[in-house]
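I have placed the structure first, in the form of structure tokens, so that the comments after it can refer back to it.
Atoms within a ligand are numbered from 1 in the order they appear, just like the ligands themselves. Residue indices begin at 1 and follow the sequence shown. Below, each value reflects all heavy atoms present in this structure, side chains not excepted, and no hydrogens, waters or symmetry copies.
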Amino acid sequence: MRKNIVAGNWKMNKTLQEGVALATDLKNILNGTKPNCEVIIGTPFIHLATVAELVKGSVIKVSAENCADKASGAYTGEVSAAMVKSTGAEFCIIGHSERRAYYHETYDILKDKVQLALENGLQPIFCIGEVKEEREANKQNAVVKAQLEGSVFNLNAEDFGKIVLAYEPVWAIGTGLTATPEQAQEIHAYIRSLVTEKYGKEVADNCSILYGGSCKGSNAKGLFSNPDIDGGLIGGASLKAEDFKAIIDAF
Ligand code: 13P
């Protein structure tokens, strides 16, 4: 059966020293506990190797927040999936709405990133979700369908099986506005139905679909208790160990 997952996305926060302090706090606060979910922290590239070493032997796994859409070569400033993998990270967030919006990452670019992540043994955490105007026009289903078809439904079932999906309504990210559990469950069920249609029931049943967008300790339980919500991708509330732990404890 699919895994429950609570994954942090630190975004562009924390110096190396602050990130090490946060990862250490989280490791200590989880020490001796047995979370009922997989715990992942997504950190900026520069933290990855240090943090991956630091959390070795704990329940915490490490993710990058992005990777390049090219394998290697003259792409100044870029970080490849192979480089990410070499740090000890096991996951890579791909297709976050901030990357789509601010760095103009298209379906094709994201398709290449997903492919490279998989080729290098990383599990993509692939993000989808609509903006406010699309929700207001009731177009959210069409949006997530196009995002899946554009970047991941080209994969064979075996590779698709390695992907974690994260539904993040853009209007709920960092705004304090959360999708209601009913709104989230409805679209998560729709996303799973698309996976069923494409890959069959077994693959769909095994696919973890996380919710992201102003998820915190106080609303996590209401969200996670729905049948098609398998955890969360957490921004702001992943920046303090106690806040993140409160979400882990929702399971
Ligand atoms: P917030 O939890 O800060 O709303 O961010 C969600 C997110 O974008 C996680 O990737």
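For atom 2 (O) of ligand 1, the nearest non-hydrogen atom of the protein is G235 N, 2.9 Å. Nearest protein heavy-atom neighbour of atom 5 (O) of ligand 1: K11 NZ, 3.3 Å. For atom 3 (O) of ligand 1, the nearest protein heavy atom (residue, atom name, distance) is G236 N, 2.8 Å.
Each side chain to side chain donor-acceptor pair (under 3.5 Å) pair with one or both residues in residues 83-97, not counting sequence neighbours, appears once here: H96-E168.
Within the 4.0 Å heavy-atom criterion, the part of E168 lying near ligand 1 is the side chain and not the backbone. Residue-level proximity to ligand 1 for A172 is carried by the backbone, the only part with a heavy atom below 4.0 angstrom. Contacts between L233 and ligand 1 below 4.0 angstrom, taking non-hydrogen atoms only, involve backbone and side chain alike.
Within the 4.5 Å cutoff, the side chain of K162 has heavy atoms near those of the D159 side chain. Under the 4.5 Å side-chain criterion, counting only non-hydrogen atoms from C-beta, V195 is in contact with F160. Between L54 and T24 the shortest side-chain heavy-atom distance falls below 4.5 Å.
Interface atoms of ligand 1 facing N9, defined by a heavy-atom separation under 4.0 Å, are 9 (C), 10 (O). Atoms of ligand 1 found under 4.0 Å from any heavy atom of G174 (numbered from 1 in listed order, with element): 1 (P), 3 (O), 4 (O).
For the pair E98 and ligand 1, the shortest N or O to N or O distance does not fall below 3.5 Å.
Heavy atoms of C127 stay at 4.0 angstrom or farther from ligand 1. A heavy-atom separation below 4.0 Å is found between G213 and ligand 1. Residue contact check for ligand 1: K216 places no non-hydrogen atom closer than 4.0 Å to it.
None of I191, D230, V144 except one satisfies the side-chain contact (heavy atoms from CB on, under 4.5 Å) rule with L165; the exception is I191.
A salt bridge links E38 with K3: the distance from a Lys NZ or Arg NE/NH1/NH2 to an Asp or Glu carboxylate oxygen falls below 4.0 Å.
Counting heavy atoms of neighbouring residues, nucleotides and ligands inside a 6.0 Å radius, atom NZ of K216 exceeds 12 of them. Within a 6.0 Å radius of CD in E202, no more than 12 heavy atoms belonging to other residues, nucleotides or ligands are found.
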